Amino acid sequence: MKTTADPIINGLNEPQREAALHIQGPVLILAGAGSGKTRALTHRIAHLMHEGVQPWQILAVTFTNRAATEMKERITNLLHITDGTDMDFKTGQGRLPVMGTFHSVCVRILRRDIERLGRDRSFVIYDRDDQEKLMKQVLKDLHIDEKELKPRAALSYVGRFKSEAVSPKEAAHDATTPHMQLVIRAYERYQGALKESNALDFDDLILETVRLFHECPEVLERYQETWRYLHVDEYQDTNHAQYLMISLLAQKYRNLCVIGDPDQSIYAFRGADIRNILQFEKEYPEALRIKLEQNYRSTQLVLSAANAVIAANPSRPEKEMWSDRKEGPQILVQEVEDEKKEAADAIKEAENLRREGVPFNDQVILYRTNAQSRLFEEACMRAGIPYRIVGGVKFYARKEVKDVLAYLHAILNPGDTLSLLRIINVPARKIGDTTMGHLQAYAAEQKLTLWETLLRIREIPNVQEGAKNRITEFTAVLQRLQEVAQRQVVAALTTDLLHAVDMEKWLRDETEEGENRWQNVQELLSVMHKYSALEPMLSLTSFLEEVALVSEVDKLSTMRDDALTLMTLHLCKGLEFEHVMIAGCEEGIFPHSNTMYDKEQLEEERRLMYVGMTRAKTHLRIFFARSRMLWGNTQANAPSRFLDDLPDNVTERRSDDILSAFAWGATKAMHTRSGGKIEPFRQKETLPEVEFNQDLSFTVDTEVNQDAFSDGSRVEHAAFGQGTVLSKRGDVVDVRFDSGVRKSFALSIAPLRPL
DNA sequence: CCCGCTTACGTTTTT
DNA sequence: CGTAAGCGGG
């Protein structure tokens, strides 16, 4: 029996200890925000190993690489393993349990066993962009008008079907309307096209694994025998397909430990099914239920506020977070004139706290929609404070990055037609649509892949001699690189590749964008260096595999500069900050207007608010604006209904307007009178244009600046130094700095001054 | 092939 | 209002 002297058990609170020690049978852990969930989980796994369970018999599944990495690190520390490296994990030889995302675990299974489903092990993984391209082609092939069914809409249906594990055949069964029948045809064809390209999209990774388990009981049994102790993190976010996968694995030994928080379920729109966690005990009646309610992150004031907000949601398991940290500042609810004022105020608050010793790294601005980020970004630039935006255009989704990756994919697997199509004319080598049209026609007719067609280019009619030569050149380059790939690691291979196709010249076109593009490729190269210790081919495949499955939030921890973080509320889950600011808390913004007529969506919005608030350790500020410019219109939105639930005793309400006290009382009364029901017209009220700009200094600033930036004038930038204005168009100036760097700026924003 | 103009659109997105 | 994508002209 374990005693409290045991380092694995020591330091856990009572329910955490229970979670760690109860290792046989199903366990449901309801773990509130900041309750030491990862701690409970990692200690549990460490305890399992202490009890003689082999590491490879333990599986822990998460949703993000970030979570998986953190768990691996913490278990490594806990066990004082020094040689259980990540690479060991990959080959399955390590001393660490198998820990990874749903998708990476499934890839691992499929790379090994997908041939049983009559498919090729060297499949490629399609991301969002690839999916859209493919679906576009599918709709074209089916002669479906883009107006009738857009690729994105079709994909969203397909995604929904797949997350619910509904095959095209089953879906066809329920398709009653002509529109849905169209969707089903697209779904069917899309799946066929994926198979032809030897590709799987993200959803397929899960779904094909489920299919494998269904169709090959002996394979399922092998995994059941291997992974006897199963753990699933963020269980409230699992969709039906993921639920099936886990259920199948668990059905033999029933050692399934799921952890989650129904109050933090914010991905229903993506197919997450909160019922998976709510009905866990029905499915496993013998399950032990553990509640982690002590919060180690926030002050009691923050928690009281968050608890009050989430309490308004019906049918949630009873759970109330509490904290030992009784003291702290009040929750600040700040009313501001408009969205510009909001941004300026938020930045000012960040700077104030910075001065008091809270680094920017420990501060975040959260908003509901990405579009809101722009103003904060501009405010940061204006104030000259460092910031980073998480999300938005993803690094690995950038064209130049995807182009390089497409080269690597094509080198590894020339059968990857999508990649070939992507790079055949990048950099431009005058192989245009006409030529490609002939080639694809020939390929279809002869039942050849594009690559095989390219290799036989000499036999193909209708293609001009010049184009044939250029294609021969292209295939020769790829073939040479294929050989290089056999003996060089991925970084060296890529350096060779970039040189061979003169990528630098193509990307670096003397503009700021060109410079950025090249920088991005350099960054990609630096990521590759992490794979230099491996065998050449393994280095290439591991790199591509990992790149296919990473997200933006994963990179957060690796950034070291002190910068204010800006991100959507959805992305903040799992993170924590000393100072959290939640912007745009107005009806129609948050909760978002599209959710306001649906009870369940509204509940999810409330959970999103709860998630945002519980990120705060100490300082929590909530902003709402009296008026806001949205889609070219100025509108006045009522303060968010979520603010009504903030208890007065932990809240301080402030406003930049003298009449605000009155306004507050009025809105609160209005919400109360309507009994919490939605008043459709509330957010439509538009105030007469108020052109009273309180921040005069800003207006003056930009006006004065304008004239001093004529062509050829000398300027100085806070970060880039001195330079010469090349051209000026309205608010935008092009500057060449003495360092040689060329950039364009928005005058009203950039820290640029005339000399 | 690249640009600038027109048009359409506007929620969130682990992999 | 701001943006991204599509298209026609140079």
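Chain letters run A, B, ... following the sequence lines, proteins first, then strands; residues in each count from 1. Because the structure is a prediction, the values reported are computed rather than measured.
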Item to complete: Classify the angle between the aromatic ring planes of A:His240 and A:Tyr243 as parallel (below 30°), tilted (30 to 60°) or perpendicular (above 60°).
Response: parallel

Discussion item. Hydrogens and angles aside, do A:Asn276 and A:Thr238 bring a side-chain donor and acceptor to less than 3.5 Å of each other?
Written reply: yes

Discussion item. With no hydrogens and no angle check, just 3.5 Å: does a side-chain donor-acceptor pair link A:Gln131 and A:Tyr190?
Written reply: yes

Item to complete: For each nucleotide in nucleotides 5-10 of chain C, reading 5' to 3', give B when a protein heavy atom comes within less than 4.0 Å of its base, S when such contact involves only the sugar-phosphate, and - otherwise.
Response: -S----

Worksheet entry | B/S/- contact track for nucleotides 6-13 of chain B, protein heavy atom under 4.0 Å | ---SBBBB

Item to complete: Verify the neighbour count for atom NZ of A:Lys195: are there more than 12 heavy atoms of other residues, nucleotides or ligands below 6.0 Å?
Response: no

Worksheet item: So with a 6.0 Å cut-off around CZ of A:Arg275, is the heavy-atom count from everything else above 12?
Response: no

Worksheet item: Between A:Ala428 and A:Ala272, which has a closest nucleotide on DNA chain B that is more 5'?
Response: A:Ala428

Specify the separation, in whole Å, of atom [atom1] of [X] and atom [atom2] of [N].
| X | N | atom1 | atom2 | result |
| --- | --- | --- | --- | --- |
| A:Glu132 | C:dA4 | CD | C1' | 12 Å |
| A:Asp338 | C:dC1 | CG | C1' | 14 Å |
| A:Ile589 | C:dC1 | CD1 | C1' | 13 Å |

Worksheet entry | Nearest heavy atoms of A:Arg429 and A:Arg470, plus distance in Å | O-CD, 3.0 Å

Worksheet item: Between A:Leu569 and A:Gly612, what is the shortest heavy-atom contact and its length?
Response: CD2-CA, 3.8 Å

Worksheet item: Hey, does A:Asp204 reach any base, or is it just sugar-phosphate, or nothing, if we go heavy atoms under 4.0 Å?
Response: nothing

Discussion item. Does this structure show an ion pair linking A:Glu378 with A:Lys340, if we count only N-O contacts that are shorter than 4.0 Å?
Written reply: no

Discussion item. Taking the P atom in each of C:dA5 and B:dT12, what is the distance between them to the nearest angstrom?
Written reply: 15 Å

